[in-house]
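See below for the structure under consideration.
Throughout, numbering of the chain's residues begins at 1 and tracks the sequence.
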Amino acid sequence: MSLLVQKFGGTSVADSDKILAAARRAIQAHQRGDQVLVVVSARGHTTDELVALAREITDHPPAREMDMLLSTGEQVSVALLAMAIESLGVPAISFTGAQIGLTTDSFHTKARIRNISTERMQSALADGKIVIVAGFQGVDENYNITTLGRGGSDTTAVALAAVLGATACEIYTDVDGVYTTDPRIVPEALKVDRISYDEMLELASLGAGVMHSRSIEFAKKYGVPIHVRSSFSDAPGTWIVAAGDARRLGVAVTGAALAKDEARITILGVPDRPGVVHRIFHSIARANIVVDMIVQNVAVDGVAEISFTVAKGDLPDVLSAAEDAAEAVGASRVAHDSEVAKVSVVGLGMRTHTGVATTMFEALAREGINIQMITTSEIKISVLVERAKAAAALRAVHEAFLLHEINVEPSPPFVPTSTANRAMKLVPLIDSDAVEARPRGMEDLVIAGVELDETQAGVSLFGVPDEPGYAARVFRAIGDAGVFVDMIVQNVSLEGNTDLSFTVPRESADRAAAACEPFARGRIAVEPALAKLTVAGVGMRTHTGVAAAMFGALAERSINIKLINTSEVRINVGADIASGKLALECLREAFAVNGD
């Protein structure tokens with residue numbers, strides 16, 4: 001008998017009618033012959049109301065007591081849903097996180113799952129009951145109640161699907177699936193029938209509010225198919241699945257996203273020597289702050305500029321850490337801008353389609369939108385723009401990639417297969433030949449691979465004009481010259497200095513530099529051979545300190561970092577070609593990843 005996990009969000013159980021509707025959905029699946037486990041969030045705005053109540057008592061409520069308070073919202077929901085199912089003639093039983101043995105670490109309000117005991121759930125399911133579990137909560141090893149933070153009920157649902165070997169995890173919400181972008185900003189956005197874990201992970205961390213990064217990381221790690229559906233319709237939603245099941249032929253970009261509340265920090269005058277980058281990001285990691293985009297261009301006259309972005313709400317804390325780090329390494333100063341936003345395009349097809357960056361940059365240029373930072377990965381291009389122009393930028397790139405019409409042959413319906421043979425084993429399913437270190441807890445970081453690419457060269461343009469359209473003209477010329485571009489790094493200094501660096505195949509370096517000549521307003525430098533080191537894995541977005549660990553391992557071997565380029569699932573750095581194999585060895589050692 002197959003198992004189906006269903007998760008209902010707060011809007012789906014906001015009142016008695018909606019609770020009864022959720023109960024009927026669970027019963028329908030039960031009557032089809034499935035075992036059914038339901039995960040429920042707190043009703044409606046319950047969590048917000050509890051937070052407000054705590055703030056009426058004190059401005060600084062203890063984190064442990066906040067978890068004790070907030071966990072009550074889900075306890076109300078599961079009891080009411082169990083009553084509803086029983087009233088409709090089907091046996092049901094509700095459990096809190098503690099009652100199913102969902103154990104976490106002790107990081108209150110942002111706890112991570114370590115283990116889940118399945119005996120009580122499996123016994124109830126075997127008795128023919130529908131099992132209802134409170135999302136968002138667990139207990140630590142000392143039996144203190146903990147909560148999982150934002151999106152915690154999604155994470156609970158996917159974790160239970162993984163540990164029990166469910167066929168699929170259905171996420172019921174107030175939208176009917178994942179769209180090509182936010183339809184509140186771009187009404188022409190279309191629903192996507194399926195999307196890969198990596199694409200969804202990028203979009204989730206970029207501001208797409210349908211799912212949260214941690215639940216997608218879980219799903220990818222353990223191979224759990226997710227079906228995002230509307231609570232108010234029987235129409236198919238969006239399947240979040242492995243890359244092989246999600247790929248669409250002929251489509252380069254699957255979606256576009258906007259992260260509005262970003263802040264940018266730039267450290268100026270950073271000495272160009274081994275270990276400096278590590279000291280900076282080690283200080284930030286100790287503050288437990290998640291860093292998003294990281295950009296470092298090639299150094300000039302022995303100094304470099306490093307820029308990175310964080311959530312705007314983390315700006316005060318990260319500024320303090322950055323200023324301490326800058327002083328420690330001898331950097332000149334720290335500057336910041338809290339009025340920026342990140343616009344990104346994501347798609348598996350980028351791996352095989354050329355010209356994606358050019359199309360994006362030209363779309364922004366037509367709208368007169370200046371690009372402040374650029375980072376790229378195999379399946380994503382992100383740019384930082386002025387927040388006031390962010391919505392216009394999102395609309396422009398959505399239209400440029402024709403995401404409002406996705407005119408391709410529809411994919412055949414996705415049919416999930418049973419994962420029961422994997423239940424309880426919890427071996428992460430990572431698309432990599434590398435042997436990763438076994439995690440100590442279910443949510444621990446899993447590094448899937450450390451790679452070295454010695455086939456690339458670097459091209460840098462110094463002193464480029466800070467104006468809309470410049471990057472578009474440069475990469476149009478490079479594309480017309482038949483050169484494939486890999487990493488792109490642009491960092492517009494808050495003091496007005498702008499550098500643009502990118503990597504190309506070694507044999508194309510001179511051709512790429514020649515294509516840039518008509519646009520050069522400063523020096524062009526070519527590094528004919530560059531070592532590109534990559535660390536890729538699951539959990540890199542939500543685990544702080546991954547970049548610091550990578551930079552630290554290189555610093556211990558006195559390997560200098562020339563370029564930095566990041567995404568949600570990988571960190572890339574450029575180093576001297578002579579240091580490539582040594583760098584590969586030390587990174588594999590640092591992350592406990594074996595070679596081929």
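One distance of note links CD of E141 with OG of S106; it measures 5.5 Å at 0.5 Å rounding. Summarising the geometry, atom OG belonging to S87 is positioned 6.0 Å from atom CG belonging to L20; distances are rounded to the nearest 0.5 Å. The OG1 atom of T155 sits 5.0 Å away from the CZ atom of R214 when rounded to the nearest 0.5 Å. A distance of 10.0 Å separates CD1 in I93 from CG in L125, rounded to the nearest 0.5 Å. One finds the CG atom of L88 at 4.5 Å from the CD1 atom of I27 (value rounded to the nearest 0.5 Å). Expressed to the nearest 0.5 Å, how far CZ of R55 lies from CG of L53 amounts to 11.5 Å.
The closest side-chain heavy-atom distance from D174 to F232 is below 4.5 Å. The shortest distance between side-chain heavy atoms of I216 and I240 falls below 4.5 Å. In this structure, L160 and V133 have side chains that are in contact, with non-hydrogen atoms separated by less than 4.5 Å. A 4.5 Å side-chain heavy-atom check between M121 and I116 finds at least one atom pair inside the cut-off. Put simply, the side chain of I381 reaches to within 4.5 Å of the side chain of V356, judged on heavy atoms. Between R25 and D234, some side-chain heavy-atom pair lies under the 4.5 Å cut-off. Between I132 and V40, the closest side-chain pair of non-hydrogen atoms falls below 4.5 Å. Between E65 and L69, every side-chain heavy-atom pair lies at or beyond the 4.5 Å cut-off.
Residue K312 qualifies as enclosed at atom NZ: its count of foreign heavy atoms under 6.0 Å is above 12. No more than 12 heavy atoms of other residues, nucleotides or ligands shown are found within 6.0 angstrom of CD on E399. Heavy-atom contacts from other residues, nucleotides or ligands closer than 6.0 Å to CD of E339 number more than 12.
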Subject >> Worked check of side-chain hydrogen bond (donor to acceptor under 3.5 Å, both in side chains) between T147 and H108 >> reply: CA-CA 6 Å; T147 64; H108 286 288; over 6 Å; no
**OP:** Evaluate the criterion side chain to side chain contact (heavy atoms under 4.5 Å, CB included) for residue pair T109 and D67; output intermediate values, then yes/no.
**Re:** CA-CA 6 Å; T109 74; D67 278 354; 3.6 Å; yes
**OP:** Go through T96 and Q75 one step at a time and tell me if the side-chain hydrogen bond (donor to acceptor under 3.5 Å, both in side chains) criterion holds.
**Re:** CA-CA 6 Å; T96 65; Q75 190 168 335; over 6 Å; no
Subject >> M293/S382 under side chain to side chain contact (heavy atoms under 4.5 Å, CB included): CA gap, chis, key distance, verdict >> reply: CA-CA 8 Å; M293 299 170 76; S382 291; 4.2 Å; yes
**OP:** Decide yes or no on side chain to side chain contact (heavy atoms under 4.5 Å, CB included) for D154 and K7, but give the supporting numbers first.
**Re:** CA-CA 7 Å; D154 288 349; K7 179 262 176 177; 2.9 Å; yes
**OP:** Test V139 against L102 for side chain to side chain contact (heavy atoms under 4.5 Å, CB included), laying out the working first.
**Re:** CA-CA 6 Å; V139 290; L102 192 155; over 6 Å; no
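In this structure, the side chain of S77 engages the main chain of S41 through a donor-acceptor pair within 3.5 Å. A donor-acceptor pair is defined here as one N or O able to donate and one able to accept, closer than 3.5 Å; no such pair exists between the side chain of R114 and the backbone of D140. Under a 3.5 Å cut-off, the side chain of T181 and the backbone N or O of A189 do not form any donor-acceptor pair. A donor-acceptor pair under 3.5 Å is formed between the side chain of T156 and the backbone N or O of F136. Looking only at distances, no side-chain donor or acceptor of D34 sits under 3.5 Å from a matching main-chain atom of V36. Judged by distance alone, with hydrogens and angles left aside, the side-chain atoms of S123 form no donor-acceptor pair with the main-chain N or O of R120 at under 3.5 Å. Panel note: side chain D105, backbone A111; no donor-acceptor pair is recorded below 3.5 Å. No donor-acceptor pair under 3.5 Å is formed between the side chain of H30 and the backbone N or O of K129. Under a 3.5 Å cut-off, the side chain of R387 and the backbone N or O of D261 do not form any donor-acceptor pair. Judged by distance alone, the side chain of E74 and the main-chain N or O of A42 form a donor-acceptor pair under 3.5 Å.
There is a side-chain donor-acceptor pair under 3.5 Å between T180 and H398. In this model, a donor atom of one side chain and an acceptor atom of the other lie less than 3.5 Å apart for S196 and E199.
Nearest heavy-atom pair across V158 and S215 is CG1-O, 3.7 Å. For the pair F218 and A159, the tightest heavy-atom approach, listed with the atom from each and the gap, is CZ-CB, 3.7 Å. What you find for L403 and A256 is that their closest heavy atoms are CD1-N, 4.0 Å. The shortest non-hydrogen separation linking V131 to A124 is CG2-CB, 3.6 Å. A263 and L315 make their closest contact through CB-CD1, 4.0 Å (heavy atoms, listed as atom of the first residue, atom of the second, distance). K191 and P236 get closest at one heavy-atom pair: NZ-O, 2.6 Å.
Between Y172 and F8, the ring planes are parallel. Angles under 30° get that label, and only those over 60° would be called perpendicular.
Each of T11, I19, L81 was scored for a side-chain contact (heavy atoms from CB on, under 4.5 Å) with R43, with one residue passing: I19.
Between K220 and D198 there is a salt bridge, since at least one side-chain N of the basic residue sits less than 4.0 Å from a carboxylate O of the acidic one. Classification of R264 and D292 as a salt-bridged pair fails, no side-chain N sitting under 4.0 Å from a carboxylate O.
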